[in-house]
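Quick note: numbers below take in every heavy atom, side chains included, and nothing from hydrogens, waters or symmetry partners. Residue numbers start from 1 in every chain, and the chains themselves are labelled A, B, ... in the order their sequence lines are given, proteins ahead of strands. Keep in mind it's a predicted model, so treat the numbers as computed, not measured.
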There are 2 protein chains.
Amino acid sequence: MLSARKSPKRRATRRRDSERTRERLLQAASREIYRSGFQSASLDTILTVAGVTKGALYYHFDSKEALGHAVVDEVIAPDVRGKWVRPLQSGKDPIDALIGAVQRIPVRPADVRGGCQLNNLAQEMSPLDAGFRKRLAIIFDAWREAVASVLREGQTHGSVRRDVEPADAAGLLIAIIEGYASLAKNAQDPKVMKAGIRNIVGWLRSLRPPGNRKRG
Amino acid sequence: MLSARKSPKRRATRRRDSERTRERLLQAASREIYRSGFQSASLDTILTVAGVTKGALYYHFDSKEALGHAVVDEVIAPDVRGKWVRPLQSGKDPIDALIGAVQRIPVRPADVRGGCQLNNLAQEMSPLDAGFRKRLAIIFDAWREAVASVLREGQTHGSVRRDVEPADAAGLLIAIIEGYASLAKNAQDPKVMKAGIRNIVGWLRSLRPPGNRKRG
DNA sequence: TAACATACATACTGGTTGGTATGTTGTCAG
DNA sequence: CTGACAACATACCAACCAGTATGTATGTTA
């Protein structure tokens, strides 16, 4: 049957179109939330950026809140996984891996001025919406656990000082990163972030055992 | 003349009433901005909290933006001066003074969940409004300079390590404080802030010269 | 081919927003 | 006693907001 070969293909195309519309909405929402915060991001603006209409939006998402939650789950979470969780599982020297991840933090003016997407949303929405808070907390926990895990592993191989408390150090690293990102965003100045990264790298090197310093 | 004694008094009372109205508006605005951010803070809510009407608001301030700027100048800036600039000029041991200021950071649930007022506003408004950014940058600069200054003074008296770069260390301290405040706000958990403060205090003690450690 | 579901598009609504126009009251110099 | 002004109070407005009701083109199924 000719239609039997054609129908599934059409259906698949249709579904792929729908998924692409959904994806464009997520990307546009992510961008607008990044620009002006969740509450101030206008649905109409998101729709214009995405190039779709309100009917499409409310077909894919129940509400603005649901769209925001989806952005956290499907845009922000994978981003953190790709930049912090996976690179730390590479098996390289733990401190080198951490330094590498820190140095890969984008310092282009546009990125610095916008701040950290994860932190932005957490600061705005965690006190106001439990749905956001729980999703964002999961991301922060995964990030901290990935850092703590690689530090623990380093301790067993002798490449990280034994007197370092992995969980504490992981929390401190994330606090410093977010703190510098905040200061740099406030100053609207990439230099602040670059200086911060240098300080962070210096601190990370101090986590090596005294006899095992690779550089500096 | 009886009226000559009465008139100035009445006029002074009137002026004091007006200033009180202005002050109530600033306090209410500060509180609402702290709760939900500047953009999402509704003027009507601020007016209800302050117990005044829109006419009074627009008599004292040109716009919502002007009200926000006044909150930065007249509420947030004095608060930072009172908590960080003045206490560090007390002439005490620099590290002790810094530890004291850090330990005086409020850790009540309500405070932790709301985050840092300065950082909240900076994160939200610095990329969007130059008026906010400049005012907030002045506060951050004063804070950093106060810390750097006390560290420099400590170096001349031998109570702070000479290899510490005061400006760098001051920036790092502020970054860590804001970073932990962010994490604690996101987690909505005072324990995160308390643990952060312990870590900060430990780091501050490490700034003493090796032979001059007072405790720990 | 007729009924039906998917994936939208369009037009609209009630509520809220910052801002304004105008009215009112107490104070005071002349 | 009388304009004049400071310090509001009240009523209102256009713009914008998230959300909805309804229409429709396209592909699928019986």
Measure [atom1]/[X] against [atom2]/[N] and give the value in whole Å, please.
{"X": "K54(B)", "N": "dC8(D)", "atom1": "NZ", "atom2": "P", "answer": "17 Å"}
{"X": "L57(B)", "N": "dG18(C)", "atom1": "CG", "atom2": "C1'", "answer": "10 Å"}
{"X": "Y59(A)", "N": "dG23(D)", "atom1": "OH", "atom2": "P", "answer": "19 Å"}
{"X": "F61(A)", "N": "dA18(D)", "atom1": "CZ", "atom2": "P", "answer": "15 Å"}
{"X": "D44(B)", "N": "dA9(D)", "atom1": "CG", "atom2": "C1'", "answer": "14 Å"}
{"X": "E32(B)", "N": "dT17(C)", "atom1": "CD", "atom2": "P", "answer": "11 Å"}
{"X": "R22(B)", "N": "dA6(D)", "atom1": "CZ", "atom2": "P", "answer": "16 Å"}
{"X": "L25(A)", "N": "dA9(C)", "atom1": "CG", "atom2": "P", "answer": "10 Å"}

Under 4.0 Å between a side-chain N/O of [X] and OP1 or OP2 of [N], yes or no?
{"X": "H60(B)", "N": "dC8(D)", "result": "yes"}
{"X": "S18(B)", "N": "dC8(D)", "result": "yes"}
{"X": "T21(A)", "N": "dC8(C)", "result": "yes"}
{"X": "Y58(A)", "N": "dG19(D)", "result": "yes"}

Show the atom names and distances, to 0.1 Å, of all donor-acceptor pairs under 3.5 Å that link a side chain in residues 47-59 of chain B to residues at least two apart or in another chain.
from	atom 1	to	atom 2	distance (Å)
T48(B)	OG1	D44(B)	O	2.9
K54(B)	NZ	D44(B)	OD1	3.1

Quiz item: The side chain of S63(B) lies closest to which of these nucleotides: dA9(D), dG19(D), dG19(C)?
Solution: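 It is dG19(C).
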
Quiz item: Just one of N120(A), I33(A), I139(A) clears the side-chain contact (heavy atoms from CB on, under 4.5 Å) bar with I76(A), so which one?
Solution: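 For I76(A), the side-chain contact (heavy atoms from CB on, under 4.5 Å) check succeeds only for I139(A).
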
Quiz item: Between CD of Q123(B) and CG of L183(A), what distance do you get to the nearest 0.5 Å?
Solution: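 So the gap between those two atoms works out to 8.5 Å.
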
Quiz item: If you look at every strand shown and take non-hydrogen atoms under 4.0 Å, does S42(A) touch a base, only sugar-phosphate, or nothing?
Solution: sugar-phosphate

Quiz item: Do you see a donor-acceptor pair shorter than 3.5 Å between the side chains of Q188(A) and S126(B)?
Solution: no

Practice problem: Determine which pairs satisfy salt bridge (Lys or Arg N to Asp or Glu O under 4.0 Å) with at least one residue from residues 129-140 of chain B, sequence neighbours left out, and list them in order. | Solution: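 For residues 129-140 of chain B: D73(B)-R135(B).
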
